[in-house]
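In the text below, chain A, chain B and the rest are named by the order of the sequence lines, each starting its count at 1.
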Amino acid sequence: MGFSKRLHCLRWNSRKTGLQEAGVAVVKRKGATTRPESIGRVLLAWYARSKRDLPWRASSPDPYAVWVSEIMLQQTQVERVREFFVRFMERFPTVHDLAAAREPTVLKYWEGLGYYRRARQLHAAAKQIVHEHGGEFPRTVEGLRSLPGIGRYTAGAIGSIAFDLATPIVEANSRRVIARLVGHAAPLDGPGGDEPIWEIAAGLVPPRHPGRFNQALMDLGAMICTPKLPLCSRCPLASACVAHQTNRVAAIPAQAKRRPVKQVQETAVVLRHGESVLVERRGPGEWWEGLWDFPRGSGTAAKRGRRLGLVTYSVTHHRIECAVREQIMTRRTTPTKAQRWVKVTSLDALAMTAPGRRIARLVARSGD
DNA sequence: AAGTCGGGGAC
DNA sequence: GTCCCAGACTT
């Protein structure tokens, strides 16, 4: 379907749109900026003068750089990704460098960023691209989605930004922008989810500069159309925004219902022999798979040894209090397959979990 | 449709 | 403390 045809289907003032069937409020006004092509023009103009200066935009549209950045940005704020991206690209400048690397090395460069499955899938996908696609990225949305770690959003992002495919994206920013723009008040985590938002996004993305348009949606959401206290007075789409025009910006999108936090108490044991400590790598099915940590348990672990401190941290609906104890060994126990005795000064070389890294600092300090 | 995966910064 | 974040994947 051509762009103009699709435009017609999605005209906001049309009586027979899929938007109505999807339960989306229809804009009654016929203001000039309410038409999708006008939205695109206004947004692209705003983007040209207001876009954020981000390291992965310097080399774009290098598909590899776009891909790495998009994986890092999944559920992770832009400002945190910046330095990780720069370091990662210095170490793995091309998909061939990444494919040739060992997984522990890749995880080390991901340490602290979270969601480590992303790093393992990125590495696996790099090998696929090199060994099954001749080092070339798939240039279709379907091809991109077949790679591990690339879902609906990321395929749309890479496709539009790197390959100029007129395909939509919906993530935290554009979801909020579009919901407010059309006055979509239904909760986006309820029945139907954000499928209506995807349909609207598909009707908005222009045939020319789709990547810039999608990035403009995200920048607008991050800089102007923020979750709290949005800067509507500076928004280029304010005149077309249903939420703004009806004074419902604060209520849209509806808040997702949050789940209760589970309290957990556990004990970490630092077995020490001379300058070495015992660490173990998290295995399949465990949190932080592939990363190193100290032996820990939530059961009634041995409470022997000197207390080094208390490490508290939160992960996904859990709040954990971890008591850290040190036991001086007269000899090294035989490590299991997932364990290693490591010099305290060599812990830096391992990819460790964030709590494990904090425990490591406790250990290093206790030796002073 | 719901649960799971991390971490840090803003407030 | 709570909320938020350029989602993907499994069950």
**Asked** DNA chain B: A:Arg358 or A:Lys257, which has the more 5' nearest nucleotide?
**Response** A:Lys257
**Message:** With nearest nucleotide decided by heavy atoms, which residue, A:Ala354 or A:Asp189, maps closer to the 5′ end of DNA chain B?
**Reply:** A:Asp189
**Message:** Of the listed nucleotides (C:dA6, B:dT4, B:dG7), which one gets closest to any side-chain atom of A:His317?
**Reply:** B:dT4
Under 4.0 Å between a side-chain N or O of [X] and OP1 or OP2 of [N]?
X: A:Trp288; N: B:dG7; answer: yes
X: A:Arg176; N: C:dC5; answer: yes
X: A:Arg152; N: C:dC9; answer: no
X: A:Gln75; N: C:dG7; answer: yes
X: A:Arg259; N: B:dT4; answer: yes
X: A:Thr76; N: B:dG6; answer: no
X: A:Tyr115; N: B:dT4; answer: no

**Asked** Just checking, any donor-acceptor pair under 3.5 angstrom between side chains of A:Arg325 and A:Thr267?
**Response** no
**Prompt:** Does a side chain donor of either A:Ser160 or A:Arg212 reach within less than 3.5 Å of an acceptor in the other side chain?
**Reply:** no
With heavy atoms under 4.0 Å as the rule, sort [X] into base, sugar-phosphate or nothing.
X: A:Tyr116; value: sugar-phosphate
X: A:Ile169; value: nothing
X: A:Leu217; value: nothing
X: A:Thr154; value: sugar-phosphate
X: A:Arg319; value: sugar-phosphate
X: A:Glu79; value: nothing
X: A:Ala157; value: nothing
X: A:Val81; value: nothing
X: A:Gln74; value: sugar-phosphate

What is the distance, rounded to the nearest whole Å, between atom [atom1] of [X] and atom [atom2] of [N]?
X: A:Ile161; N: C:dA6; atom1: CD1; atom2: P; result: 13 Å
X: A:Met72; N: C:dG7; atom1: CE; atom2: P; result: 15 Å
X: A:Asn173; N: C:dG7; atom1: CG; atom2: P; result: 7 Å
X: A:Lys262; N: C:dG1; atom1: NZ; atom2: P; result: 18 Å
X: A:Arg117; N: B:dG6; atom1: CZ; atom2: P; result: 8 Å
X: A:Arg175; N: C:dC4; atom1: CZ; atom2: P; result: 12 Å
X: A:Glu83; N: B:dG9; atom1: CD; atom2: P; result: 9 Å
X: A:Arg118; N: C:dC9; atom1: CZ; atom2: C1'; result: 14 Å

**Prompt:** Should A:Tyr153 and A:Gln74 be marked as a side-chain hydrogen bond (donor to acceptor under 3.5 Å, both in side chains) after you check the CA-CA gap, both sets of side-chain angles, and the distance that decides it?
**Reply:** CA-CA 9 Å; A:Tyr153 160 77; A:Gln74 289 169 3; over 6 Å; no
**Request:** Go through A:Glu111 and A:Lys108 one step at a time and tell me if the salt bridge (charged side-chain N to carboxylate O under 4.0 Å, His left out) criterion holds.
**Result:** CA-CA 5 Å; A:Glu111 181 186 317; A:Lys108 180 60 189 175; 2.9 Å; yes
**Message:** Using side-chain hydrogen bond (donor to acceptor under 3.5 Å, both in side chains), reason through A:Thr140 and A:Arg145 one step at a time and then give a plain yes or no.
**Reply:** CA-CA 9 Å; A:Thr140 65; A:Arg145 279 199 75 164; over 6 Å; no
Distance, [atom1] atom - from [M] to [N], rounded to whole angstrom:
N: B:dG8; M: C:dG1; atom1: C1'; result: 15 Å
N: B:dG9; M: C:dA8; atom1: P; result: 24 Å
N: C:dA6; M: B:dT4; atom1: P; result: 24 Å
N: B:dG7; M: C:dT2; atom1: C1'; result: 15 Å

**Item:** A:Pro148 or A:Asp219, whichever maps to the more 5' nucleotide of DNA chain C
**Value:** A:Asp219
**Complete:** The answer to which of A:Gln121 and A:Gln255 contacts DNA chain C further toward the 5' end, by nearest nucleotide, is A:Gln255
**Asked** Does the side chain of A:Ser69 reach to within under 4.5 Å of the side chain of A:Met72, using non-hydrogen atoms?
**Response** no
**Request:** For residues A:Phe137 and A:Tyr64, report the shortest heavy-atom separation together with the two atoms involved.
**Result:** CZ-CA, 3.7 Å
